[in-house]
Amino acid sequence: MSKASSNQHPFTDEDLTAFLDGESSHTSNAEIQNALDKDSDLKARLAALSIDKAALKSAFDTIDCGAYSIPNAPQDAHYNHFSITQMAASILLALAIGFSASYLLPFSTKQEGWKDFVASYQALYSTETLAHINQEEADKAKELSRVMAALDIQVSLEKIQSVEALTYKRAQILSFNGSPLLQLAFLSDKGQPVALCIIKNTKNDEVSMNYSNMIGMESASWSKDGYEYLLIGGDDKNLTLQAADYFLKAI
Amino acid sequence: MWFKKKATNEVSNGLNEVYPRLWRYCFALTKSRDLADDLAQSTCTRALEKASQFQTNTHLDRWLFKIANRTWLNDLRKSAVRRGNGLIDVEENDIASTNQDPEVNILSAEVLSAVMDLPIEQRKIVFLAYVEGYSYKECADMLDIPIGTVMSRLAAARKKISKQFKPEGMGNE
(Lines give C-alpha, C1' and ligand atoms only; values in the text may rest on other atoms or scores of the structure.)
Protein backbone atom coordinates (compact mmCIF):
# COMPACT_ATOMS: atom_id res chain seq x y z
CA MET A 1 0.00 0.00 0.00
CA SER A 2 1.32 3.43 -0.88
CA LYS A 3 0.86 5.69 2.07
CA ALA A 4 -0.16 9.29 1.73
CA SER A 5 2.34 12.08 2.16
CA SER A 6 -0.15 14.06 4.15
CA ASN A 7 -0.09 13.35 7.86
CA GLN A 8 -3.61 14.66 8.23
CA HIS A 9 -5.17 12.23 5.78
CA PRO A 10 -3.27 8.96 5.54
CA PHE A 11 -5.17 7.76 2.50
CA THR A 12 -3.37 5.22 0.41
CA ASP A 13 -3.28 5.21 -3.39
CA GLU A 14 -5.58 2.21 -3.17
CA ASP A 15 -8.09 4.27 -1.13
CA LEU A 16 -7.97 7.03 -3.71
CA THR A 17 -8.31 4.55 -6.58
CA ALA A 18 -11.38 3.01 -4.95
CA PHE A 19 -12.73 6.54 -4.45
CA LEU A 20 -12.24 7.32 -8.15
CA ASP A 21 -13.84 4.02 -9.10
CA GLY A 22 -16.84 4.59 -6.88
CA GLU A 23 -16.09 1.43 -4.91
CA SER A 24 -17.51 2.88 -1.71
CA SER A 25 -17.39 -0.37 0.22
CA HIS A 26 -13.61 -0.37 0.02
CA THR A 27 -12.92 3.20 1.08
CA SER A 28 -14.37 6.06 3.02
CA ASN A 29 -15.69 8.28 0.27
CA ALA A 30 -17.07 10.90 2.61
CA GLU A 31 -13.77 11.30 4.41
CA ILE A 32 -11.84 11.63 1.18
CA GLN A 33 -14.34 14.08 -0.25
CA ASN A 34 -14.16 16.12 2.91
CA ALA A 35 -10.37 16.10 2.94
CA LEU A 36 -10.17 17.12 -0.71
CA ASP A 37 -11.83 20.44 0.06
CA LYS A 38 -8.96 21.38 2.35
CA ASP A 39 -5.91 19.49 1.16
CA SER A 40 -4.24 20.54 -2.09
CA ASP A 41 -1.65 17.74 -1.81
CA LEU A 42 -4.43 15.21 -1.74
CA LYS A 43 -5.98 16.85 -4.80
CA ALA A 44 -2.67 16.54 -6.62
CA ARG A 45 -2.38 12.88 -5.67
CA LEU A 46 -5.89 12.26 -6.88
CA ALA A 47 -5.10 13.99 -10.17
CA ALA A 48 -2.01 11.80 -10.56
CA LEU A 49 -4.25 8.75 -10.38
CA SER A 50 -6.96 10.04 -12.69
CA ILE A 51 -7.44 8.54 -16.13
CA ASP A 52 -9.94 8.99 -18.92
CA LYS A 53 -11.94 5.79 -18.54
CA ALA A 54 -14.29 6.73 -21.38
CA ALA A 55 -11.33 7.08 -23.77
CA LEU A 56 -9.96 3.77 -22.55
CA LYS A 57 -13.23 1.97 -23.20
CA SER A 58 -13.60 3.65 -26.60
CA ALA A 59 -10.08 2.63 -27.55
CA PHE A 60 -10.84 -1.02 -26.89
CA ASP A 61 -14.16 -0.69 -28.69
CA THR A 62 -12.17 -0.01 -31.87
CA ILE A 63 -10.64 -3.49 -31.69
CA ASP A 64 -12.65 -5.89 -33.75
CA CYS A 65 -12.12 -9.66 -33.65
CA GLY A 66 -13.25 -9.97 -37.28
CA ALA A 67 -15.03 -13.04 -38.62
CA TYR A 68 -15.02 -15.97 -36.25
CA SER A 69 -16.48 -19.40 -35.75
CA ILE A 70 -17.14 -21.21 -32.51
CA PRO A 71 -15.55 -24.68 -32.22
CA ASN A 72 -17.92 -27.63 -32.30
CA ALA A 73 -19.10 -29.14 -29.05
CA PRO A 74 -17.34 -32.39 -28.18
CA GLN A 75 -19.32 -35.39 -29.35
CA ASP A 76 -19.44 -36.98 -25.91
CA ALA A 77 -21.96 -34.27 -25.10
CA HIS A 78 -24.44 -36.15 -27.25
CA TYR A 79 -27.12 -35.61 -24.71
CA ASN A 80 -27.16 -31.97 -25.88
CA HIS A 81 -29.25 -33.01 -28.80
CA PHE A 82 -31.39 -35.43 -26.90
CA SER A 83 -34.71 -33.77 -26.27
CA ILE A 84 -36.35 -33.54 -22.87
CA THR A 85 -39.29 -35.51 -24.23
CA GLN A 86 -37.01 -38.28 -25.43
CA MET A 87 -35.23 -38.35 -22.10
CA ALA A 88 -38.49 -38.50 -20.16
CA ALA A 89 -39.74 -41.27 -22.44
CA SER A 90 -36.54 -43.22 -21.92
CA ILE A 91 -36.78 -42.94 -18.16
CA LEU A 92 -40.40 -44.03 -18.14
CA LEU A 93 -39.63 -46.92 -20.41
CA ALA A 94 -36.69 -47.93 -18.28
CA LEU A 95 -38.79 -47.86 -15.15
CA ALA A 96 -41.50 -49.84 -16.87
CA ILE A 97 -39.27 -52.65 -17.99
CA GLY A 98 -36.99 -52.53 -15.03
CA PHE A 99 -33.84 -51.44 -16.75
CA SER A 100 -31.65 -48.56 -15.82
CA ALA A 101 -32.35 -45.51 -17.92
CA SER A 102 -28.68 -45.23 -18.56
CA TYR A 103 -28.86 -48.17 -20.95
CA LEU A 104 -31.33 -46.28 -23.05
CA LEU A 105 -29.73 -42.88 -23.18
CA PRO A 106 -27.36 -42.31 -26.05
CA PHE A 107 -24.34 -41.43 -23.96
CA SER A 108 -21.08 -42.21 -25.63
CA THR A 109 -17.79 -43.10 -24.07
CA LYS A 110 -16.01 -41.54 -27.03
CA GLN A 111 -12.85 -39.82 -25.94
CA GLU A 112 -13.37 -36.54 -27.75
CA GLY A 113 -11.06 -33.72 -26.90
CA TRP A 114 -7.90 -35.85 -26.77
CA LYS A 115 -6.45 -34.01 -29.75
CA ASP A 116 -6.75 -30.68 -27.95
CA PHE A 117 -5.00 -32.11 -24.91
CA VAL A 118 -2.25 -33.51 -27.12
CA ALA A 119 -1.91 -30.15 -28.87
CA SER A 120 -1.55 -28.31 -25.55
CA TYR A 121 1.04 -30.86 -24.43
CA GLN A 122 2.92 -30.73 -27.71
CA ALA A 123 3.02 -26.92 -27.56
CA LEU A 124 5.27 -27.22 -24.53
CA TYR A 125 7.88 -29.20 -26.48
CA SER A 126 10.99 -27.45 -27.75
CA THR A 127 14.05 -28.64 -29.67
CA GLU A 128 15.83 -29.10 -26.35
CA THR A 129 13.14 -31.49 -25.13
CA LEU A 130 14.26 -34.08 -27.66
CA ALA A 131 17.66 -33.07 -29.04
CA HIS A 132 19.66 -34.87 -26.35
CA ILE A 133 17.96 -38.25 -26.91
CA ASN A 134 20.30 -40.59 -28.77
CA GLN A 135 19.46 -44.19 -28.02
CA GLU A 136 21.17 -47.24 -29.48
CA GLU A 137 19.18 -48.91 -32.27
CA ALA A 138 18.51 -52.01 -30.16
CA ASP A 139 17.18 -49.92 -27.27
CA LYS A 140 15.03 -47.86 -29.62
CA ALA A 141 13.53 -51.01 -31.12
CA LYS A 142 12.86 -52.47 -27.68
CA GLU A 143 11.18 -49.29 -26.48
CA LEU A 144 9.07 -48.96 -29.62
CA SER A 145 7.94 -52.56 -29.36
CA ARG A 146 7.00 -52.16 -25.67
CA VAL A 147 5.07 -48.93 -26.32
CA MET A 148 3.23 -50.14 -29.41
CA ALA A 149 2.24 -53.34 -27.57
CA ALA A 150 0.10 -51.18 -25.27
CA LEU A 151 -2.30 -50.82 -28.20
CA ASP A 152 -1.52 -54.12 -29.91
CA ILE A 153 0.11 -52.40 -32.86
CA GLN A 154 3.04 -53.95 -34.64
CA VAL A 155 5.35 -51.71 -36.59
CA SER A 156 9.08 -51.97 -37.17
CA LEU A 157 11.63 -49.40 -36.09
CA GLU A 158 12.82 -49.31 -39.66
CA LYS A 159 9.44 -48.10 -40.86
CA ILE A 160 9.21 -45.45 -38.16
CA GLN A 161 12.69 -44.22 -39.01
CA SER A 162 12.12 -44.12 -42.75
CA VAL A 163 9.94 -41.04 -42.86
CA GLU A 164 11.60 -38.18 -44.71
CA ALA A 165 12.80 -35.04 -42.91
CA LEU A 166 11.93 -36.43 -39.46
CA THR A 167 14.36 -38.01 -37.03
CA TYR A 168 12.75 -40.50 -34.69
CA LYS A 169 13.62 -39.86 -31.02
CA ARG A 170 11.51 -41.88 -28.64
CA ALA A 171 8.17 -43.54 -27.85
CA GLN A 172 6.09 -43.06 -24.71
CA ILE A 173 2.88 -44.41 -23.26
CA LEU A 174 0.70 -41.55 -22.03
CA SER A 175 -2.83 -41.84 -20.75
CA PHE A 176 -6.07 -40.13 -21.66
CA ASN A 177 -9.18 -40.83 -19.58
CA GLY A 178 -7.58 -44.05 -18.44
CA SER A 179 -6.82 -45.31 -21.97
CA PRO A 180 -3.30 -45.65 -23.38
CA LEU A 181 -2.25 -42.85 -25.69
CA LEU A 182 0.96 -43.52 -27.56
CA GLN A 183 3.35 -40.76 -28.48
CA LEU A 184 6.16 -41.18 -30.98
CA ALA A 185 8.40 -38.13 -30.88
CA PHE A 186 10.46 -36.79 -33.78
CA LEU A 187 12.60 -33.78 -34.53
CA SER A 188 12.25 -32.25 -37.97
CA ASP A 189 15.26 -31.22 -40.03
CA LYS A 190 14.50 -27.67 -38.86
CA GLY A 191 14.73 -28.85 -35.25
CA GLN A 192 11.00 -28.60 -34.60
CA PRO A 193 9.37 -31.22 -32.38
CA VAL A 194 6.74 -33.33 -34.11
CA ALA A 195 4.70 -36.11 -32.54
CA LEU A 196 2.63 -38.97 -33.88
CA CYS A 197 -0.02 -39.83 -31.31
CA ILE A 198 -2.25 -42.90 -31.42
CA ILE A 199 -5.30 -43.83 -29.37
CA LYS A 200 -7.92 -46.57 -29.71
CA ASN A 201 -10.89 -45.51 -31.77
CA THR A 202 -13.93 -46.32 -29.68
CA LYS A 203 -16.26 -45.46 -32.56
CA ASN A 204 -14.47 -47.91 -34.81
CA ASP A 205 -15.06 -45.76 -37.87
CA GLU A 206 -12.71 -44.85 -40.70
CA VAL A 207 -12.00 -41.15 -41.08
CA SER A 208 -9.96 -39.85 -43.97
CA MET A 209 -7.11 -37.42 -43.52
CA ASN A 210 -7.93 -34.02 -42.00
CA TYR A 211 -5.43 -31.18 -41.89
CA SER A 212 -5.58 -28.25 -39.53
CA ASN A 213 -3.50 -25.81 -37.55
CA MET A 214 -3.69 -26.35 -33.80
CA ILE A 215 -2.28 -23.67 -31.49
CA GLY A 216 0.08 -22.57 -34.24
CA MET A 217 1.25 -26.10 -35.11
CA GLU A 218 0.51 -27.98 -38.31
CA SER A 219 -1.45 -31.17 -37.76
CA ALA A 220 -3.04 -34.05 -39.61
CA SER A 221 -5.44 -36.61 -38.18
CA TRP A 222 -7.09 -39.75 -39.45
CA SER A 223 -8.49 -43.02 -38.20
CA LYS A 224 -7.85 -46.48 -39.52
CA ASP A 225 -8.25 -50.10 -38.40
CA GLY A 226 -9.65 -49.20 -34.98
CA TYR A 227 -7.15 -46.48 -34.12
CA GLU A 228 -7.11 -42.70 -34.27
CA TYR A 229 -3.94 -40.89 -35.28
CA LEU A 230 -2.76 -37.32 -34.84
CA LEU A 231 0.47 -36.03 -36.31
CA ILE A 232 1.27 -32.62 -34.86
CA GLY A 233 4.13 -30.17 -34.58
CA GLY A 234 6.19 -27.63 -36.46
CA ASP A 235 5.13 -25.06 -39.00
CA ASP A 236 5.93 -26.89 -42.23
CA LYS A 237 2.64 -27.89 -43.80
CA ASN A 238 4.27 -29.84 -46.64
CA LEU A 239 6.28 -31.89 -44.20
CA THR A 240 3.12 -32.66 -42.21
CA LEU A 241 1.25 -33.68 -45.37
CA GLN A 242 4.04 -35.95 -46.57
CA ALA A 243 4.72 -37.51 -43.19
CA ALA A 244 1.03 -38.09 -42.48
CA ASP A 245 0.63 -39.76 -45.86
CA TYR A 246 3.63 -41.96 -45.10
CA PHE A 247 2.35 -43.02 -41.66
CA LEU A 248 -1.14 -43.68 -43.04
CA LYS A 249 0.38 -46.29 -45.34
CA ALA A 250 3.11 -47.57 -43.01
CA ILE A 251 1.08 -48.32 -39.87
CA MET B 1 -28.28 -35.37 -15.82
CA TRP B 2 -30.85 -32.59 -16.24
CA PHE B 3 -28.57 -29.97 -14.81
CA LYS B 4 -25.68 -31.16 -16.99
CA LYS B 5 -27.76 -30.90 -20.11
CA LYS B 6 -29.00 -27.44 -19.12
CA ALA B 7 -25.47 -26.27 -18.35
CA THR B 8 -24.13 -27.62 -21.63
CA ASN B 9 -26.87 -25.93 -23.59
CA GLU B 10 -26.34 -22.66 -21.77
CA VAL B 11 -22.63 -22.70 -22.63
CA SER B 12 -22.97 -23.74 -26.27
CA ASN B 13 -25.82 -21.29 -26.88
CA GLY B 14 -24.08 -18.40 -25.14
CA LEU B 15 -20.61 -18.65 -26.68
CA ASN B 16 -21.49 -16.82 -29.86
CA GLU B 17 -22.74 -13.76 -28.04
CA VAL B 18 -19.79 -13.51 -25.64
CA TYR B 19 -17.10 -14.39 -28.21
CA PRO B 20 -16.26 -10.81 -29.39
CA ARG B 21 -15.72 -9.68 -25.78
CA LEU B 22 -13.82 -12.85 -24.96
CA TRP B 23 -11.56 -12.30 -27.98
CA ARG B 24 -10.93 -8.70 -26.91
CA TYR B 25 -9.87 -9.92 -23.46
CA CYS B 26 -7.61 -12.47 -25.14
CA PHE B 27 -6.10 -9.65 -27.19
CA ALA B 28 -5.48 -7.66 -24.00
CA LEU B 29 -3.72 -10.70 -22.53
CA THR B 30 -1.67 -11.71 -25.56
CA LYS B 31 -1.10 -8.39 -27.37
CA SER B 32 -1.36 -10.25 -30.66
CA ARG B 33 -4.29 -10.90 -33.00
CA ASP B 34 -3.06 -14.39 -33.90
CA LEU B 35 -2.52 -15.41 -30.31
CA ALA B 36 -5.86 -13.89 -29.34
CA ASP B 37 -7.47 -16.10 -32.01
CA ASP B 38 -5.70 -19.17 -30.58
CA LEU B 39 -6.54 -18.33 -27.00
CA ALA B 40 -10.19 -17.53 -27.71
CA GLN B 41 -10.58 -20.79 -29.65
CA SER B 42 -8.85 -22.83 -26.94
CA THR B 43 -11.03 -21.17 -24.32
CA CYS B 44 -14.20 -22.08 -26.25
CA THR B 45 -13.00 -25.65 -26.72
CA ARG B 46 -12.27 -26.04 -23.02
CA ALA B 47 -15.55 -24.40 -22.09
CA LEU B 48 -17.43 -26.87 -24.27
CA GLU B 49 -15.52 -29.78 -22.78
CA LYS B 50 -16.26 -28.61 -19.26
CA ALA B 51 -19.71 -27.27 -20.02
CA SER B 52 -21.41 -29.66 -17.61
CA GLN B 53 -19.47 -28.00 -14.77
CA PHE B 54 -20.89 -24.55 -15.54
CA GLN B 55 -23.35 -23.35 -12.95
CA THR B 56 -26.52 -22.48 -14.79
CA ASN B 57 -28.05 -19.04 -14.43
CA THR B 58 -24.70 -17.54 -13.47
CA HIS B 59 -22.43 -15.42 -15.66
CA LEU B 60 -21.04 -17.20 -18.70
CA ASP B 61 -18.80 -14.23 -19.58
CA ARG B 62 -17.01 -14.33 -16.23
CA TRP B 63 -16.60 -18.11 -16.45
CA LEU B 64 -15.07 -17.80 -19.93
CA PHE B 65 -12.73 -14.99 -18.89
CA LYS B 66 -11.58 -17.17 -16.02
CA ILE B 67 -10.88 -20.10 -18.35
CA ALA B 68 -9.06 -17.79 -20.79
CA ASN B 69 -6.90 -16.47 -18.00
CA ARG B 70 -5.95 -19.93 -16.80
CA THR B 71 -5.38 -21.25 -20.31
CA TRP B 72 -3.07 -18.35 -21.08
CA LEU B 73 -1.15 -18.80 -17.86
CA ASN B 74 -0.85 -22.57 -18.11
CA ASP B 75 -0.35 -23.40 -21.75
CA LEU B 76 -0.41 -20.91 -24.50
CA ARG B 77 1.86 -18.26 -23.04
CA LYS B 78 4.69 -20.78 -22.69
CA SER B 79 4.27 -21.89 -26.26
CA ALA B 80 3.91 -18.33 -27.54
CA VAL B 81 7.08 -17.21 -25.84
CA ARG B 82 8.88 -20.25 -27.20
CA ARG B 83 7.73 -19.42 -30.71
CA GLY B 84 8.84 -15.82 -30.27
CA ASN B 85 5.36 -14.38 -30.48
CA GLY B 86 5.02 -13.34 -26.91
CA LEU B 87 6.32 -9.82 -26.87
CA ILE B 88 4.72 -7.75 -29.56
CA ASP B 89 4.17 -4.02 -29.38
CA VAL B 90 0.61 -2.96 -29.90
CA GLU B 91 1.66 -0.73 -32.78
CA GLU B 92 2.75 -3.78 -34.70
CA ASN B 93 -0.74 -5.20 -34.67
CA ASP B 94 -3.16 -4.40 -37.44
CA ILE B 95 -5.90 -3.39 -35.08
CA ALA B 96 -9.06 -3.23 -37.13
CA SER B 97 -10.64 0.11 -36.43
CA THR B 98 -14.24 0.85 -37.12
CA ASN B 99 -13.70 4.54 -36.53
CA GLN B 100 -12.95 6.62 -39.60
CA ASP B 101 -11.93 9.77 -37.74
CA PRO B 102 -8.10 9.90 -37.89
CA GLU B 103 -7.82 12.03 -34.73
CA VAL B 104 -9.94 9.59 -32.77
CA ASN B 105 -7.87 6.73 -34.15
CA ILE B 106 -4.64 8.40 -33.07
CA LEU B 107 -6.03 8.93 -29.57
CA SER B 108 -7.25 5.33 -29.41
CA ALA B 109 -3.86 4.05 -30.55
CA GLU B 110 -2.13 6.12 -27.86
CA VAL B 111 -4.50 4.90 -25.18
CA LEU B 112 -4.14 1.28 -26.30
CA SER B 113 -0.39 1.63 -26.43
CA ALA B 114 -0.31 2.96 -22.86
CA VAL B 115 -2.50 0.12 -21.58
CA MET B 116 -0.66 -2.56 -23.52
CA ASP B 117 2.63 -1.36 -22.07
CA LEU B 118 1.41 -2.21 -18.58
CA PRO B 119 2.63 -5.46 -16.99
CA ILE B 120 0.15 -8.24 -17.73
CA GLU B 121 -1.19 -8.48 -14.17
CA GLN B 122 -2.11 -4.79 -14.21
CA ARG B 123 -3.25 -4.86 -17.83
CA LYS B 124 -5.83 -7.56 -17.34
CA ILE B 125 -7.37 -5.88 -14.29
CA VAL B 126 -7.51 -2.54 -16.10
CA PHE B 127 -9.31 -4.30 -18.92
CA LEU B 128 -11.76 -6.15 -16.69
CA ALA B 129 -12.52 -3.17 -14.43
CA TYR B 130 -12.46 -0.26 -16.87
CA VAL B 131 -13.31 -1.76 -20.26
CA GLU B 132 -15.67 -4.50 -19.13
CA GLY B 133 -16.86 -2.58 -16.08
CA TYR B 134 -16.61 -5.38 -13.53
CA SER B 135 -16.53 -4.53 -9.83
CA TYR B 136 -13.46 -5.14 -7.72
CA LYS B 137 -15.06 -8.24 -6.23
CA GLU B 138 -15.94 -9.64 -9.65
CA CYS B 139 -12.37 -9.02 -10.88
CA ALA B 140 -10.97 -10.70 -7.76
CA ASP B 141 -13.21 -13.73 -8.27
CA MET B 142 -12.31 -14.08 -11.93
CA LEU B 143 -8.58 -13.82 -11.33
CA ASP B 144 -8.51 -15.76 -8.05
CA ILE B 145 -6.79 -12.94 -6.17
CA PRO B 146 -7.73 -10.88 -3.08
CA ILE B 147 -9.59 -7.59 -3.52
CA GLY B 148 -6.62 -5.79 -1.97
CA THR B 149 -4.45 -7.03 -4.83
CA VAL B 150 -7.01 -5.77 -7.35
CA MET B 151 -6.88 -2.36 -5.69
CA SER B 152 -3.09 -2.16 -5.55
CA ARG B 153 -2.70 -3.25 -9.18
CA LEU B 154 -5.28 -0.74 -10.36
CA ALA B 155 -3.59 2.01 -8.35
CA ALA B 156 -0.21 1.14 -9.86
CA ALA B 157 -1.69 1.00 -13.36
CA ARG B 158 -3.46 4.33 -12.91
CA LYS B 159 -0.21 6.00 -11.85
CA LYS B 160 1.49 4.81 -15.02
CA ILE B 161 -1.18 5.51 -17.58
CA SER B 162 -2.35 8.74 -15.98
CA LYS B 163 0.91 10.31 -17.11
CA GLN B 164 0.06 9.42 -20.70
CA PHE B 165 -3.61 10.23 -20.90
CA LYS B 166 -5.25 12.34 -18.28
CA PRO B 167 -8.96 13.02 -18.20
CA GLU B 168 -10.07 16.41 -19.43
CA GLY B 169 -11.67 16.94 -16.06
CA MET B 170 -12.66 14.96 -13.01
CA GLY B 171 -16.03 14.45 -14.64
CA ASN B 172 -14.53 11.67 -16.74
CA GLU B 173 -13.90 9.56 -13.68
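Letters A, B, ... are given to chains in the order of the sequence lines, protein chains preceding strands, and every chain is numbered from 1.
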Side chain to side chain contact (heavy atoms under 4.5 Å, CB included) assessment of T17(A) paired with K159(B)
CA-CA 10 Å; T17(A) 296; K159(B) 266 192 170 171; over 6 Å; no
Could you go step by step and tell me if L56(A) and F127(B) meet the side chain to side chain contact (heavy atoms under 4.5 Å, CB included) rule? CA-CA 9 Å; L56(A) 200 157; F127(B) 179 88; over 6 Å; no
Stepwise side chain to side chain contact (heavy atoms under 4.5 Å, CB included) test for T62(A) and L112(B):
CA-CA 10 Å; T62(A) 64; L112(B) 281 174; 4.3 Å; yes
- Under the side chain to side chain contact (heavy atoms under 4.5 Å, CB included) rule, what do R24(B) and C65(A) come out as? Steps first, then yes or no, please. CA-CA 7 Å; R24(B) 214 169 47 161; C65(A) 67; over 6 Å; no
* For side chain to side chain donor-acceptor pair (under 3.5 Å), just list the numbers for Y68(A) and D37(B), CA-CA rounded to whole Å, side-chain angles, deciding distance to a tenth of an Å, and then say yes or no. => CA-CA 9 Å; Y68(A) 62 89; D37(B) 288 343; over 6 Å; no
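Rounded to the nearest 0.5 Å, atoms CE (M116(B)) and CZ (F60(A)) are 4.5 Å apart. Separation of atoms CG (D52(A)) and CD1 (I161(B)) is listed at 10.0 Å; rounding is to 0.5 Å.
Evaluation of the salt bridge (charged side-chain N to carboxylate O under 4.0 Å, His left out) rule for K169(A) yields no partner, not counting sequence neighbours. Taking the side chain to side chain donor-acceptor pair (under 3.5 Å) definition, one finds that Y229(A) meets it with nothing, sequence neighbours left out.
Using a 4.0 Å cut-off between a side-chain N of Lys or Arg and a carboxylate O of Asp or Glu, R33(B) and D64(A) do not qualify as a salt bridge.
Looking at I147(B), the atoms closer than 4.5 Å to chain A (heavy atoms on both sides) all sit in the side chain, from C-beta outward.
Shortest non-hydrogen contact noted between A55(A) and V111(B) is O-CG1, 4.1 Å.
Judged by distance alone, the side chain of Q41(B) and the main-chain N or O of S69(A) form a donor-acceptor pair under 3.5 Å. The backbone N or O of S50(A) lies less than 3.5 Å from a partner atom in the side chain of S162(B), making a donor-acceptor pair.
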